[in-house]
Number of protein chains: 2
Amino acid sequence: MSDLVERLRGRGWRMTSQRRVVAEVLNGDHVHLTADEVHARAARLLPEISRATVYNTLGELVSLGEVIEVATDGRAKRYDPNAHRPHQHLVCSACGTVRDVHPAGDPLADLPPEERFGFTVSAVEVTYRGLCPSCA
Amino acid sequence: MSDLVERLRGRGWRMTSQRRVVAEVLNGDHVHLTADEVHARAARLLPEISRATVYNTLGELVSLGEVIEVATDGRAKRYDPNAHRPHQHLVCSACGTVRDVHPAGDPLADLPPEERFGFTVSAVEVTYRGLCPSCA
DNA sequence: ATCCTACGTTAGACAGAGTTCAGGTCAAGA
DNA sequence: TCTTGACCTGAACTCTGTCTAACGTAGGAT
Ligand SMILES: [Mn+2]
Ligand SMILES: [Mn+2]
Ligand SMILES: [Zn+2]
Ligand SMILES: [Zn+2]
């Protein structure tokens with residue numbers, strides 16, 4: 001996540017304390033924070049950061065391809081810095097916890113041509129649902 | 001969808017004009033309407049129907065297992081009367097059109113035990129994304 | 001057929017998530 | 001250091017969905 005600063009600068013983006021702090025928060029494995037969680041953690045490092053800036057920066061990171069947006073349910077979207085390797089998600093139906101998973105097989109290949117209705121299919125998302133150990 | 005009226009009655013539910021109209025709107029194949037779309041169409045048949053009743057009735061139909069809630073993106077949930085046969089969805093990234101698809105294989109079997117992190121996995125959703133013929 | 005009443009409906013207030021905007025701030029090149 | 005346009009802020013606003021109190025009515029009881 002630290003060379004993100006370089007990538008952003010390479011695209012002519014100003015490196016502000018706000019953007020640095022958001023990038024800092026989105027660091028680690030199995031990180032799937034909501035925008036408000038990102039804002040709360042960023043505000044511990046930079047108290048005056050605004051909600052709007054967090055939303056703007058997250059949206060920019062998504063456009064850059066550095067962060068993936070995960071729409072789990074009727075709840076808030078989660079922002080996932082693990083954009084390196086493609087993966088799918090396992091979501092707890094009770095508490096909303098999200099884990100990265102790597103299923104076998106290629107779901108795209110499982111969709112036969114006659115089931116594509118003339119669409120140009122380019123991506124597939126798989127969401128597994130169940131109860132996590134704490135909630136079971 | 002017409003014997004839905006009977007199933008509801010069998011559960012001791014009152015059959016009101018509002019519920020009949022919502023059931024009427026949710027009729028056909030590849031129907032994936034948002035709650036507000038259901039409300040708009042229901043209101044053409046029964047102008048005084050309220051938004052709250054549409055939400056209530058849709059929630060009841062989901063609890064009954066007669067309708068499936070589909071969260072396509074960060075937008076409004078869609079309500080799908082095709083609850084008979086399990087299926088997945090193909091969504092146009094441009095216009096949002098949703099089609100029912102039936103991929104081969106069992107995605108649940110593709111998630112090995114060591115990728116389940118102790119979860120009790122009970123369901124899986126697959127969403128294919130791409131451009132529909134009109135948008136391509 | 002009429003009455004009763006618990007269940008259903010309504011309008012509007014409310015809440016959470018996210019967007020927009022006018023005005024103030026500041027990163028970084030000259 | 002100066003300049004400037006990109007960036008940030010707070011507040012208002014939209015969108016989706018829930019809740020509530022008062023009103024209406026489906027359908028069994030009489
Ligand atoms: Mn992830
Ligand atoms: Mn469907
Ligand atoms: Zn859980
Ligand atoms: Zn389309």
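Residue numbers start from 1 in every chain, and the chains themselves are labelled A, B, ... in the order their sequence lines are given, proteins ahead of strands.
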key: Reading 5' to 3' through nucleotides 25-30 of chain D, protein heavy-atom contacts under 4.0 Å coded B for base, S for sugar-phosphate only, - for none   = BBS---

key: CA sep, side-chain torsions, deciding dist, call: A:L90, A:T127, side chain to side chain contact (heavy atoms under 4.5 Å, CB included)   = CA-CA 6 Å; A:L90 171 55; A:T127 303; over 6 Å; no

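Residue pairs satisfying the salt bridge (Lys or Arg N to Asp or Glu O under 4.0 Å) criterion with at least one member in residues 74-91 of chain A, sequence neighbours excluded, are listed as follows: A:E37-A:R78, A:E69-A:K77. Listed by first and then second residue, the salt bridge (Lys or Arg N to Asp or Glu O under 4.0 Å) pairs that reach into residues 39-50 of chain A come to none, sequence neighbours excluded. Sorted by first and then second residue, the pairs that involve residues 121-136 of chain B and meet salt bridge (Lys or Arg N to Asp or Glu O under 4.0 Å), not counting sequence neighbours, are A:E125-B:R129, A:R129-B:E125.
We find that CZ of B:R75 is positioned 7 Å from P of D:dT16, with the value rounded to whole Å. Between the OH atom of B:Y55 and the C1' atom of D:dT18 there is a distance of 9 Å, given to the nearest Å. If you take CD1 of A:I49 and C1' of D:dT9, they are 11 Å apart, rounded to a whole angstrom. When rounded to the nearest whole Å, the span between CG of A:L58 and C1' of D:dC8 equals 15 Å. Atom CD in B:E69 sits roughly 15 Å away from atom P in D:dT16 (whole-Å rounding). At whole-Å resolution of the value, CZ in B:R78 and P in D:dC15 are 15 Å apart.
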Please tabulate the protein-to-nucleotide N/O contacts below 3.5 Å involving nucleotides 11-13 of chain D, giving atom names and distances.
none

Which atom pairs, one a donor and one an acceptor, fall under 3.5 Å between side chains of residues 110-119 of chain B and the rest of the protein, sequence neighbours left out?
residue: B:E115; atom: OE1; partner: A:H102; partner atom: N; Å: 2.5
residue: B:E115; atom: OE1; partner: A:H102; partner atom: ND1; Å: 3.4
residue: B:R116; atom: NE; partner: B:L111; partner atom: O; Å: 2.9
residue: B:R116; atom: NH2; partner: B:L108; partner atom: O; Å: 2.8
residue: B:R116; atom: NH2; partner: B:L111; partner atom: O; Å: 2.9

Please output the side-chain donor-acceptor pairs of residues 91-98 of chain A that fall under 3.5 Å, not counting sequence neighbours, one pair per line with the distance.
residue: A:S93; atom: OG; partner: A:G130; partner atom: O; Å: 3.3

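On the nucleic acid side, DNA chain C has its first and last nucleotide under 4.0 Å of a heavy atom of chain A at C:dA17 to C:dA28, going 5' to 3'.
Other cluster members for B:V70: B:I68, joined by side-chain heavy-atom distances under 4.5 Å among Ile, Leu, Val, Met, Phe, Trp and Tyr.
In this structure a side-chain-to-backbone donor-acceptor pair under 3.5 Å is missing from A:Y79 to A:G59.
Of the residues in residues 89-100 of chain A, not one comes within less than 4.0 Å of DNA chain C through any heavy atom.
If B:K77 and A:V54 are placed on DNA chain D by their nearest nucleotide, the residue sitting closer to the 5' end is A:V54.
Applying the ring pair (Phe, Tyr, Trp, His ring centres under 6.0 Å) criterion to B:H87, with sequence neighbours excluded, gives B:H89. Partners of B:A136 according to the side-chain contact (heavy atoms from CB on, under 4.5 Å) rule, which considers only residues two or more places apart in sequence or in another chain, are A:T120, B:L131.
How far CD of A:E60 is from CD of A:E66: 12.5 Å, rounded to the nearest 0.5 Å.
What you find for A:A35 and A:V54 is that their closest heavy atoms are O-CG1, 3.7 Å.
The only option from B:L45, B:N56, B:I49 that meets the side chain to side chain contact (heavy atoms under 4.5 Å, CB included) definition with B:V22 turns out to be B:I49.
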